[in-house]
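Data first, discussion second: the structure below is written as structure tokens.
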Amino acid sequence: MDCFFVSVGLRKRPELRGKPVAVTHSKGSKPQTKREGVDRNTEFNLYKQKQAKKLGKGTGKTEDEIVIESRVDNVGDENSEYGSLSEIASCSYEARAKGIKNGMFMGPALKLCPNLQTIPYDFEGYKEVAYTLYNTIAQYTLDIEAVSCDEMYVDCTELLKDLKVSVQDFATALRQEIKDKTGCPCSTGFGSNRLQSRLATKRAKPDGQFFLTSDLVEDFMFGISLKDLPGVGRQTSQKLESLGHQTCGSLQTLTLGLLQRHLGNKTGAQLFDQCRGRDPNPLTFHTIRKSVSAEVNYGIRFETNDQCFHFLKQLSAEVHSRMQQFKVLGKCITLKLMVRAEEAPVETAKFMGHGFCNVLNKSSNLTNATNDVEIITKEVISLCKKQKIDPKELRGIGIQISKLEQVMTKPNNSGISKFLNKNKNVPGSNYTPKVENDAGTSCDVKNQIKVEDNTKYSITPKKKNTSSHVNKSPKHELKSSPVKRRGRPPKSLKYSLMNAKSSMDKFLGGEIQVKEELPAQTVPEIIREERPKSSDSNQDGLLSLSWEKVRELLRAWLDSGQSPKLCDTRMIASYLSKLVAKKDIDKVYILMNFLKRRTHEIDMDIWIEVYNYVLEDVQNSMIAVYGNKLWINN
DNA sequence: ATCCTCCCCTAC
DNA sequence: TAAGGTAGGGGAGGAT
Ligand SMILES: [Mg+2]
């Protein structure tokens, strides 16, 4: 999507279309009260000096020769008309034409464009549009790699073949469909690998399409800026610039060895490929999470160590809660501290911001993986004490857990009894723990669409609260604060939390999470529901059974020795799709892996077809609800 | 040589 | 007023 937040916001403000518009927290007006001790220039200069130093190290220049451009440039002083430090999350193309960019502060932006209009965040809108976008694409293929709530890679190889349609015709129709459904423009880029499609999309924006055909690649790459390559950010591009290269064409003259010497083995090799339009990385339709973390880098103002430890405890609880949601345990605990730099003013330029800080990370390894809140708390407090930091100087705190393992669930052998009358109990179909192990080994709950979770929390506070974390009511505060969005909200999709309560929690024994009620979720329509519905009255009846019973039904069905009937297959597929819609992913996961294993054990085409039929339904629903496929064991 | 920790860089 | 957060990749250099 193009300038996503703005496009969504403009649906409610059509009169602003065609005008320079920015999404911000505040309008950029002057503050009403003055804070003592603020020294913007000192703080800003520290940021710039640090940047210059980094650059000097990368390029070999002395700090004097380096001129840094920074977003703190052109900020007026406090109380001036152009002094606002409110950040622009997204701006319209009309604003960009005036030189405004995402991430810029309102003050400098207003200098460039005094009639810049601001609109507030609209998290519900983002969610709705994102779902619609993913549902629309999923009608055509499930080969989707989600990048963010408004961006994805799609493998269109098969679908273009099947539809017998040209790339450009498909792109036009698809973009029109998305615009019709969402009211927002979008752009598509086609190419023969990830890199090419990405660069093609950039070329296509705004509201356009571009097909980078193989015959164009060489010329096209020649003019691409190195900064536009994925993985090339500020530091890398400046380093390359100091070597005399700003474009891919120019970089093509360097040898692999030279690039590797300057940038390291991997980065050098990647760049060598990228500047030629090559990209060996395939799309990945599922990934495994490697860490879970939470950090708070605003409003941290402690007087005593105890306040700090109290905060650590609550942050540990938040991390623990996320680990439960993802069903992981971890072995490595890392504490991140932001500490006011000695030279930095005590009062920060941004109200309750972290200001100019030194950052340190310290980690500790456990013998056994855990998600225990007491252990995490104990470790982070211990790590914190070792740093011997004056609590008054702390400005940010984070906890990260890595070296993760999946939670193993215990077999639950109890309560297997008779099931529906039409099923016969078959000897040898006894419960096997293996099924449970399948269930426990992984449940990919991370790759799920959830746009801007917790709108309730992310939209600005009800009461103006100018106190720091430690002064607020602890209970409510720490539950919600790490989830609150400050500054520019992420368009995070891959790694966002899942709202649905874990149905596996009940198997974990004792540790039921008592979390505040989360906002109700809209359950998106499930795609391809036009498939003829079975009139079987048992179809809905399955939902009223416990999933274990359904598994027994399945087992009996598979063991029946008869050919599967289509109506039964449909019934199972429908049941599982509904479980997806209900976000009972754990059950779906168990049942699908069970079905896969057993159908493949039978090893008859007809049963494999049953599995594939059900799988297709389930994956369609998964894409519709979460934007990603269910992970199935090999 | 390889692993590990800490740090930097990047995406979104 | 206006407040980043979360995650992955990889390099430098010491530890094993
Ligand atoms: Mg880049």
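Here is the naming used below: chain letters follow the sequence lines, and residue numbers restart at 1 for every chain.
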Taking any heavy-atom pair under 4.0 Å as a contact, classify [X]: base, sugar-phosphate, or nothing.
{"X": "A:I399", "value": "nothing"}
{"X": "A:S29", "value": "sugar-phosphate"}
{"X": "A:T348", "value": "nothing"}

Nearest-nucleotide wise, let me know which of A:R261 and A:K336 is further upstream toward the 5' end of DNA chain C. A:K336
On DNA chain C, nearest-nucleotide positions of A:R40 versus A:K266: which is more 5'? A:R40
Using whole Å, report how far [atom1] of [X] lies from [atom2] of [N].
{"X": "A:L110", "N": "C:dA2", "atom1": "CG", "atom2": "P", "answer": "11 Å"}
{"X": "A:N297", "N": "C:dT6", "atom1": "CG", "atom2": "C1'", "answer": "11 Å"}
{"X": "A:M323", "N": "C:dT6", "atom1": "CE", "atom2": "P", "answer": "14 Å"}
{"X": "A:Q235", "N": "B:dC7", "atom1": "CD", "atom2": "P", "answer": "17 Å"}

Check each residue of residues 77-86 of chain A for a non-hydrogen atom within less than 4.0 Å of any atom in DNA chain C, then write out the ones that pass by number, or none. A:S84, A:L85, A:S86
Name every residue in residues 42-57 of chain A that has at least one heavy atom under 4.0 Å from any atom of DNA chain C, in order of residue number, or write none if there are no such residues. none
With sequence neighbours excluded, what pairs up with [X] under the side chain to side chain donor-acceptor pair (under 3.5 Å) test?
{"X": "A:D73", "result": "A:K48"}
{"X": "A:R261", "result": "none"}
{"X": "A:N74", "result": "none"}
{"X": "A:K403", "result": "A:N365"}

Of the candidate nucleotides [options], which contains the atom at the shortest distance from the side chain of [X]?
{"X": "A:Y298", "options": "C:dA3, C:dG10, C:dT1", "value": "C:dA3"}
{"X": "A:F351", "options": "C:dT1, B:dT10, C:dG4", "value": "C:dT1"}
{"X": "A:S291", "options": "C:dG4, C:dG8, B:dT10", "value": "C:dG8"}

Are any of [X]'s side-chain N or O atoms less than 4.0 Å away from OP1 or OP2 of [N]?
{"X": "A:R289", "N": "C:dA7", "answer": "yes"}
{"X": "A:Q32", "N": "C:dT1", "answer": "no"}
{"X": "A:S293", "N": "C:dA7", "answer": "yes"}
{"X": "A:K290", "N": "C:dG9", "answer": "yes"}
{"X": "A:K350", "N": "C:dG4", "answer": "yes"}
{"X": "A:S148", "N": "B:dA11", "answer": "no"}
{"X": "A:R35", "N": "C:dA2", "answer": "no"}
{"X": "A:R198", "N": "B:dC12", "answer": "yes"}

May I ask you to say whether A:K336 pairs ionically with A:E295, meaning some side-chain N is under 4.0 Å from a carboxylate O? yes
Where at least one partner belongs to residues 194-205 of chain A, residue pairs that pass salt bridge (Lys or Arg N to Asp or Glu O under 4.0 Å), sequence neighbours excluded: A:D2-A:K205, A:E145-A:R194, A:K202-A:D228
I need the full list of salt bridge (Lys or Arg N to Asp or Glu O under 4.0 Å) pairs touching residues 339-364 of chain A, with sequence neighbours left out, sorted by first then second residue. A:R35-A:E347, A:R340-A:E393
Name all residues meeting the salt bridge (Lys or Arg N to Asp or Glu O under 4.0 Å) criterion together with A:K331; count only those two or more places apart in sequence or in a different chain, and write none if there are none. A:E405
Considering the options A:H320, A:E318, A:Q325, which one meets the side chain to side chain donor-acceptor pair (under 3.5 Å) requirement together with A:R322? A:E318
How would you list, by chain and number, every residue that makes a ring-ring contact (aromatic ring centres under 6.0 Å, His included) with A:Y153, sequence neighbours excluded? none
Apply ring-ring contact (aromatic ring centres under 6.0 Å, His included) to A:F272 and list each qualifying residue two or more places apart in sequence or on a separate chain. none
Using the closest heavy atom to pick a nucleotide of DNA chain B for each, name whichever of A:V359 or A:G233 lands nearer the 5' end. A:V359
Ranking A:T334 and A:V232 by the position along DNA chain B of their nearest nucleotide, the one closer to 5' is A:T334
Secondary structure of DNA chain B per the Watson-Crick/G-U criterion (both distances under 3.5 Å; [ ] crossing, | other strand, . unpaired) is ||||||||||||
Any luck finding a side-chain donor-acceptor pair between A:E241 and A:H245 under 3.5 Å? no
Could you verify whether a donor N or O on one side chain and an acceptor N or O on the other, from A:R278 and A:Q196, lie under 3.5 Å apart? no
